[in-house]
Amino acid sequence: MKHISYYLITLLCVFAMVTNTGCKDDEEVIVAKQLEIDGSLLNKELDFRSATITIPINTNMRISEWSVNSDSKWVTAFQQTDNIILSVLDSEEQTKRTANITIRSELINVKYTIKLTQYGINDVPVRADTKIEITGGWDNQHHSGNDISKTWDKNFSTVYHSPWETETPTTKFPVLLDYYFSDNAKKIDRIVYYSGGGNGAMGEFQLGYSLEVKESYEEADFIFTGEKYDFGKSGTQHTLDTDKIPAGAKAIRFKVLSGAGDNKDPELPEGVTAGFVSCQEMEFYEKANYRDMNDQLLSVFTDHSCTAVLEGVTDEQIEALPSETFKRIAYALRDNTYDEWEKDFRIRNYEAYSNNKYWAEQIQTKKYSDLDNPTGIYVKKDEEMIVLVGKIPAGQKVSLQCIWEHWGDNKHTYKQTSSSGDTYPLTEGVNLLTMKGPGQLFIMYNVDGEGLLSNPEPVKIHIPLGNGVVNGFFDLKEHKTDAKYAELISKATHKYFCVRGERIMFYFHRLKMLDAAPTEILSAIHLWDDFIRWEQEMSGIEAFRQAGKYNNHMFAISPEGSYMWASDYQIGFVYTYLSNILLRENVMAVEDNAWGPAHEIGHVHQYAINWPGSTESSNNLFSNYIIRRLGKYYSRGRGLSYLANTVYKDDKAWYNMGSSTHQNEDTEIHMRMNWQLWIYYELCKGTEETPTFWPEVFNIMRTKYRSIPESDPGARQMAFVKAVCEAAQEDLTEFFETWGFFKTVNATIEQYGTFKYTVTDQMIEDTKAEIAKYPKKAVPIQYIEDRRTSDFSSGDYRYKEVGDVGYYTQFKENTQITKTPTYTLSSSVQGKKIIVSNGEQAVAFEVRKQDKQAEGNEALMGKVVFFANSFEFLVPRNISMSGCGIYAVQADGERKLMTQVKE
């Protein structure tokens, strides 16, 4: 590094040095005056935005002994003891401007000049999309006074609507909406649909086009794109970008297959409501393009992403480029002056990811995120952005999405929907976009169907200097270390900071992250990746990932309201909670810090095994599994004494057992059923850390029974029985009897909606007949436990409920009853008190009716009227023990009649 220095040299004690007598203590040593600036700082470049720049000065002079001045009004210079501060104003010009900053000291005759170059705003002119006028149209059905002409009259108070009469006719699908463009020579590649919201908002549809002008069109006259589109039956405005319609289309047909609303069409299958169709306005555009610039760029750059220059490029060639923006890029790349911090995030290869909507349907989950590709760049509202795109693989689509800054604010929606940001389709070459809102940018590169198997090439994208502000992000695969994380987040300036792991992405408040984890992120990101991997293994999703078909991330945000929740596209943890989940040691310190996140992630994965009335418990299969894998805490849920009372004393069925604790469900008792199946089939019969039984249950539910809608809880409940028995290859009638599955239900329940819950005698009979093809399960797994009383303190509700017998090792080791269990019986106001002796080899104790054989006098076991897994228990007063025997249940299912002894 070159330095420029000036010194005043004073020789002291010359005589003393010559005579070797030395200097006296009171003799003054005069220090040389100096003023130094690193030579590499004498040229500075910056973008059009206002900025504050600090330039270090190496000096031992007083501020009054040197000065700093700017020759331009847009730069103000200030002195500090060892710094120069430059305050730079925004530029509103398109051309670059320069200022000279002079640092001077007359005392030692020193002068430096810093040349400051500020580039102007993007000088590539914005081109508007071209609107293509509609010249006519036709619909195959409409409500009186609401025909298709209302959709191009530029009047948002009028609307097209399909028939809604309660008698006849009503809407019949498909609904056909045709639009004509008799003089069109342009390419329709953007369609804007204003639904009006609510009733009639379009769902799924197909799109066809015709290149001919006709008085009327038949179905055969249209060429359909082959894609099925979906506006989701929601929102007031949707934009569809498609490259499937060639230039010169003279007619477009919407073949609408569903819409919002409750259509009572008797021809629709039972349980299906295809709805209605409405439209305020429909608009068609040819998108603006910058193809005319692309060829010019290839005279200097190696490809349209403009990320490298051709060998031997001259100043003359660069100066011939069509704008200052491209010239700046070319010089920075050729002369290797592109700032590395900027370059790391402005020039990137973006990998392909799966289509989250397609895979949510295939694997029966909520939608994962499609924000898998952060850019680490943020923008302000109305900012004009140049995005340079390299080669896009054939058949693929790439777009840019801006996630608005208010996404996590209390005052705005924080869930990723069509209103949480804006999407801008990208084409190869130059793209100039105007940002509708402020926020961070993400690249959307999602392949359809199982397209990942074709290994589509990454897309190189360049967001050049002067476009947006680099905030950076941390990627586990790329950045690897805590030290790099600390560096990146310390440089970031946006409200949010993104961290990408293998399976999880954090998009959290930056300042809260700095408070919670300023220098360490690896322990948290590895733990969260594990959480998701464990849940994906349990639900069978891992098979799709390992096959290379599916790779979307779970996206976690930190809203400023609501504690924890899960929805399509993301999970949320209130920003004040981040300290509990951003360090492994903090997650492990409190059980809820792991249980809560696992519960919310479980909501994303539970769909295949879920139905209303189970929504807050079926996901706890995952929570219990994660707690188990962490190896620190015990599984949750009520003990079996609670189950015995709610089923036999209170005569409850599965749907209403226990008491309503959360969203009209007793989650604490419900969660034990699924966990019992895990304890037996995974812990006792399988390999604990490699689930096989539960993935098969999920697979059967998501394939064989996927057509049963979640809105039919009774049918889903019966399907679940069949799926479990198929996965086990055993008839588990006894297990599901104990859990209240085979009781008739005719009720309405409320859980995130209102649902009719119906289980009929015929449904029960059909289900039992279906599972009877498997061997009858003898092992009484309804009594299995993975907890013991000694595991809990006396203040924990589980202490009194988990019981004395039925621990899973008894099942795993097939413990035999070699002792002679006996019991005493006494009466109380609450019922019959039973105390068992020598019963520790049993897994449970049953109170059963005893039937008489037709011949002889030997008693046979009848139905269970009560059970317990404790040595001391109470048979409730409302349960008659007349004609009952008490049995010790062996791990293999054998029952041994116990002898009563006197107290």
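Residue numbers start at 1 and run along the sequence shown.
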Residue list, ring pair (Phe, Tyr, Trp, His ring centres under 6.0 Å) with Phe442, at least two apart or on another chain: Tyr507
Using the salt bridge (charged side-chain N to carboxylate O under 4.0 Å, His left out) rule, collect all pairs that involve residues 458-475, keeping only residues at least two apart or in two chains. Asp475-Arg500
All heavy atoms of Thr59 vs all of Thr81, minimum pair found to be CG2-O, 3.7 Å
Asp82 side-chain N/O to Gln80 backbone N/O, donor-acceptor pair under 3.5 Å: no
Looking only at atom types and distance, does a side-chain atom of Asn431 sit under 3.5 Å from a main-chain N or O of Leu388, one as donor and one as acceptor? no
Do Ser105 and Asn109 have side-chain atoms, one donor and one acceptor, less than 3.5 Å apart? no
Ring pair (Phe, Tyr, Trp, His ring centres under 6.0 Å) pairs, two or more places apart, involving residues 465-489: Phe345-Phe473, Phe474-His479, Phe474-Tyr485
Shortest non-hydrogen contact from Leu433 toward Leu426: CD1-CD2, 4.0 Å
Does the distance from a Lys or Arg side-chain N to an Asp or Glu carboxylate O, for Asp241 and Lys287, drop under 4.0 Å? yes
Do NZ/NE/NH1/NH2 and the carboxylate oxygens of Glu383 and Lys380 come within less than 4.0 Å? no
Examine distances only and state if a side-chain atom of Asn471 and a backbone atom of Ala492 form a donor-acceptor pair shorter than 3.5 Å. no
Determine, step by step, whether Leu298 and His304 satisfy the side-chain contact (heavy atoms from CB on, under 4.5 Å) criterion, reporting the C-alpha distance in whole Å, the side-chain angles of both residues, the deciding distance to 0.1 Å, and the verdict. CA-CA 7 Å; Leu298 293 180; His304 290 136; 3.4 Å; yes
Keeping the roles fixed (side chain from Asp335, backbone from Ala332), state whether a donor-acceptor pair exists under 3.5 Å. no
Does NZ or CZ of Arg104 lie under 6.0 Å from the centre of the six-membered ring of Trp66, at an angle within 45° of the ring axis? no
So, do Phe78 and Ser87 sit near enough that their side-chain heavy atoms are less than 4.5 Å apart? yes
Within 6.0 angstrom of Lys391 NZ, more than 12 heavy atoms from elsewhere: no
With a 4.0 Å cut-off, would you call Lys33 and Glu65 a salt bridge? yes
Do Asn294 and Glu428 come within less than 4.5 Å of each other through their side chains, counting heavy atoms only? no
Say you draw a straight line from OG of Ser70 to CG of Leu86; how long is it, rounded to the nearest 0.5 Å? 8.0 Å
Check the pair Ile84 / Thr54 against side-chain contact (heavy atoms from CB on, under 4.5 Å), numbers first and verdict last. CA-CA 6 Å; Ile84 295 171; Thr54 300; over 6 Å; no
Donor on one side chain, acceptor on other, Ser558 and His509, under 3.5 Å: yes
Verify, without hydrogens or angle tests, whether Asp529 (side chain) and Glu502 (backbone) share a donor-acceptor contact under 3.5 angstrom. yes
Heavy-atom pair of closest approach, residues Val124 and Leu432: O-CD2, 3.1 Å
Contacts table for residues 575-587: side-chain donor-acceptor under 3.5 angstrom, sequence neighbours left out:
residue, atom, partner, partner atom, Å
Tyr577, OH, Asn593, OD1, 2.7
Asn586, ND2, Ser579, O, 2.7

Ring centres under 6.0 angstrom apart (Phe506, Trp528): yes
Ignoring hydrogens and geometry, is there a side-chain-to-backbone donor-acceptor pair from Asn60 to Gln34 under 3.5 Å? yes
State, without any angle test, whether Tyr331 and Glu319 hold a side-chain donor-acceptor pair at a distance under 3.5 Å. yes
Residues passing the salt bridge (Lys or Arg N to Asp or Glu O under 4.0 Å) test with Glu351, sequence neighbours excluded, are none
Is there side-chain contact between Phe497 and Pro374, with heavy atoms separated by less than 4.5 Å? no
Side chains of Asn69 and Thr102: donor-acceptor distance under 3.5 Å anywhere? no
Lys/Arg N to Asp/Glu carboxylate O, Arg533 vs Asp530, below 4.0 Å: yes
Asp372 side chain to Asn552 side chain, donor-acceptor N/O pair below 3.5 angstrom: yes
Measure from NZ or CZ of Arg328 to the centre of the six-membered ring of Tyr119 and say whether it is under 6.0 Å with the direction within 45° of the ring axis. yes
Are Val313 and Ile318 side-chain neighbours, meaning at least one heavy-atom pair lies under 4.5 Å? yes
SB check Glu560 Lys495 (cutoff 4.0 Å): yes
Indicate whether any N or O donor in one side chain lies under 3.5 Å from an N or O acceptor in the other, for Asp370 and Asn446. no
Using modelled atom types and a 3.5 Å cut-off, is there a donor and acceptor pairing between side-chain atoms of Glu600 and backbone atoms of Ile571? no
List the atom of Pro456, the atom of Val447, and the distance in Å for their closest heavy-atom pair. CG-CG1, 3.8 Å
For the residue pair Pro322 and Gln296, what are the closest heavy atoms and their distance? CB-OE1, 3.7 Å
If we only count heavy atoms from C-beta on, is the Ile85 to Thr52 side-chain gap below 4.5 Å? yes
If you compare all heavy atoms of Tyr424 against all heavy atoms of Lys436, which two are closest, and at what distance to 0.1 Å? OH-N, 2.9 Å
So, do Leu465 and Asn467 sit near enough that their side-chain heavy atoms are less than 4.5 Å apart? no
Distance-only side-chain donor-acceptor flag, Gln94 / Asp123, under 3.5 Å: no
Arg49 backbone acceptor or donor facing Asp47 side chain under 3.5 Å: no
For a side-chain contact (heavy atoms from CB on, under 4.5 Å) check, start with the C-alpha distance between Asp129 and Arg190, then their side-chain angles and the critical distance, and finish with the verdict. CA-CA 9 Å; Asp129 293 348; Arg190 173 169 294 166; 2.4 Å; yes
Is a side-chain donor-acceptor pair under 3.5 Å present for Ser305 with Asp303? yes
Considering residues at least two apart in sequence or located in another chain, which fulfil the ring pair (Phe, Tyr, Trp, His ring centres under 6.0 Å) criterion with Phe301? none
Aromatic contact between Tyr353 and His553, with the criterion being ring centroids under 6.0 Å apart: yes or no? yes
With distance as the sole test, does Asp71 use its side chain to make a donor-acceptor pair with the main-chain N or O of Asn100 at under 3.5 Å? yes
Looking at Lys484, is its backbone amide N or carbonyl O close enough to the side chain of Thr481 to form a donor-acceptor pair, meaning the two atoms are under 3.5 Å apart? yes
Quick one: are Thr113 and Leu42 in side-chain contact, heavy atoms under 4.5 Å? no
Report yes if some heavy atom in the side chain of Ser50 is under 4.5 Å from a heavy atom in the side chain of Val88; otherwise report no. no
